[in-house]
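Note on naming: letters A, B, ... go to the chains in the order of the sequence lines (proteins, then strands), and numbering restarts at 1 for each one.
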2 protein chains.
Amino acid sequence: MAFSIGILSRRAGVKVPTIRYYEQVGLMPSPPRSDGQQRRYGDAEVARLNFIRHARELGFEVDAIRELLAMSAQPEESCAEVDRLARRHLAEVEQRIARLVSLRTELQRMVTECGHGRVGECRVIQVLADHGECDHDHGGARPGSTGFAAA
Amino acid sequence: MAFSIGILSRRAGVKVPTIRYYEQVGLMPSPPRSDGQQRRYGDAEVARLNFIRHARELGFEVDAIRELLAMSAQPEESCAEVDRLARRHLAEVEQRIARLVSLRTELQRMVTECGHGRVGECRVIQVLADHGECDHDHGGARPGSTGFAAA
DNA sequence: CTACAAGCTCTAGCGACTAGAGGATCAAGC
DNA sequence: GCTTGATCCTCTAGTCGCTAGAGCTTGTAG
């Protein structure tokens with residue numbers, strides 16, 4: 001019935017130090033201890049940890065999971081808050097996708113324009129160097145030199 | 001000709017503490033100092049910092065930027081390495097997009113299936129709770145309770 | 001009863017910054 | 001020349017979600 005943190009780890013697919021970390025940040029309860037101060041868990045903790053793991057896999061932050069867990073303890077309440085949290089997270093994921101997609105576009109343009117010649121004519125380097133707000137030219141850089149290479 | 005870190009900050013669009021951090025990790029050179037030990041920069045540093053900022057905006061890691069900067073100092077070399085770095089980064093971005101897209105799908109499914117009733121019947125909570133490896137039932141949870149809610 | 005695996009606490013590290021304390025310096029105005 | 005206030009300096013610590021390791025104790029199987 002009562003089992004160790006290692007067993008819990010295997011049953012829920014979460015590493016032992018991570019479980020202790022979750023306890024520290026208040027996602028998991030402080031469980032009862034054995035005579036020698038070792039943590040003892042039951043099936044409810046497996047379920048809770050699975051919930052946490054799945055929420056993390058979906059990209060929810062620890063703070064959000066704390067709220068989701070608190071809400072799931074109030075099954076008679078309206079789920080409007082749960083819905084709001086999930087929608088907000090969805091919106092964040094969509095923003096990150098949009099941003100990454102535009103990064104991908106620019107990266108693709110860079111690598112397809114690269115003529116595979118020398119660094120001095122490399123499109124990748126040029127794009128990285130040219131995108132700043134250097135609207136006035138800083139003068140005498142020879143072609144093929146970015147002029148800032150000394151660290 | 002020689003200007004302060006604050007001016008550099010404004011010209012390159014990078015915050016002052018970030019510039020000092022870049023110096024610490026070797027992306028920016030240790031510049032000459034004034035009599036009172038304040039950093040003095042020139043135009044080359046503006047260009048270098050713009051390069052760094054743009055690479056960061058494209059999601060390159062600091063280690064990769066260090067390599068890109070070193071390569072750009074060798075304009076006669078082949079740009080094969082530059083190309084390799086950019087392509088590897090592109091592949092990482094594509095992986096992240098793929099992962100986020102599948103997250104988005106699951107999140108969308110969750111929120112559209114939510115009936116906006118009580119938490120106990122909320123699809124969002126159910127999906128989070130059910131996805132684990134709890135293939136055998138943990139017994140007597142009343143309908144509407146996840147059975148792990150005590151922290 | 002002895003190994004030794006697994007547990008414990010505590011501290012520090014990752015990446016890329018950001019924030020703040022507490023003090024020095026610089027440039028401009030009078 | 002002097003004062004003011006913005007800017008600069010170094011140093012430490014915090015962010016997030018873990019992960020790694022040291023050094024010690026406990027549990028369990030043979």
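Look at CD1 on A:I19: it is 12 Å from P on D:dC18, rounded to the nearest Å. We find that CD1 of B:I5 is positioned 13 Å from P of D:dT7, with the value rounded to whole Å. The interatomic distance linking A:D63 (CG) with D:dT15 (C1') rounds to 12 Å, in whole Å. One interatomic measurement links the two molecules: CZ of A:R66 to C1' of D:dC16, which rounds to 12 Å at whole-angstrom precision. For the pair A:E57 CD and D:dG17 P, the interatomic distance rounds to 15 Å; values are reported in whole Å. Look at CD on A:Q38: it is 11 Å from C1' on D:dT28, rounded to the nearest Å. Spacing between atom CD of B:E23 and atom P of D:dC8 amounts to 14 Å, rounded to whole angstrom units. If you measure from atom CD of A:Q24 to atom P of D:dC16, you get 13 Å, rounded to the nearest angstrom.
Screening residues 97-121 of chain A for ring pair (Phe, Tyr, Trp, His ring centres under 6.0 Å), with sequence neighbours left out, gives no hits.
In this structure, OG in A:S72 is found 11.5 Å from CD in B:Q126, a value given to the nearest 0.5 Å.
Within 6.0 Å of CD on B:E61 lie no more than 12 heavy atoms contributed by other residues, nucleotides or ligands. Counted within 6.0 Å of CZ on A:R99, heavy atoms from surrounding residues, nucleotides or ligands total 12 or fewer; the atom is thus considered open.
Using a 4.0 Å cutoff to heavy atoms of chain B, the contacted part of DNA chain C runs 5' to 3' from C:dA16 to C:dC26.
In summary, A:R53 and A:E57 engage in a salt bridge, as defined by a charged side-chain N under 4.0 Å from a carboxylate O. Looking at B:E23 and B:R20, no side-chain N of the basic residue comes within less than 4.0 Å of a carboxylate O on the acidic one, giving no salt bridge. Using a cut-off of 4.0 Å between Lys/Arg side-chain N and Asp/Glu carboxylate O, A:E81 and A:R84 are scored as salt-bridged.
Between A:S34 and D:dT26, a side-chain N or O to OP1/OP2 separation shorter than 4.0 Å is absent. Taking side-chain N and O atoms only, A:T18 has a distance below 4.0 Å to OP1 or OP2 of D:dT19. For D:dT10, the OP1/OP2 oxygens have a side-chain nitrogen or oxygen of B:R39 closer than 4.0 Å. Checking the phosphate oxygens (OP1, OP2) of D:dG17, no side-chain nitrogen or oxygen of A:Y22 falls inside 4.0 Å. Between A:K15 and D:dT19 there is a side-chain polar atom (N or O) within less than 4.0 angstrom of OP1 or OP2.
Each of A:Y21 and B:S4 has a nearest nucleotide on DNA chain D; the 5'-most of these lies closest to B:S4. Projected onto DNA chain D by closest heavy-atom contact, A:Q37 and B:Q37 fall at different nucleotides, the more 5' of which corresponds to B:Q37.
Taking only side-chain atoms of A:R56, from C-beta outward, the nucleotide of D:dC9, D:dC18, D:dT26 with the closest atom is D:dC18. The side chain of A:R40 lies closest to D:dG27, out of D:dC9, D:dG27, D:dC18.
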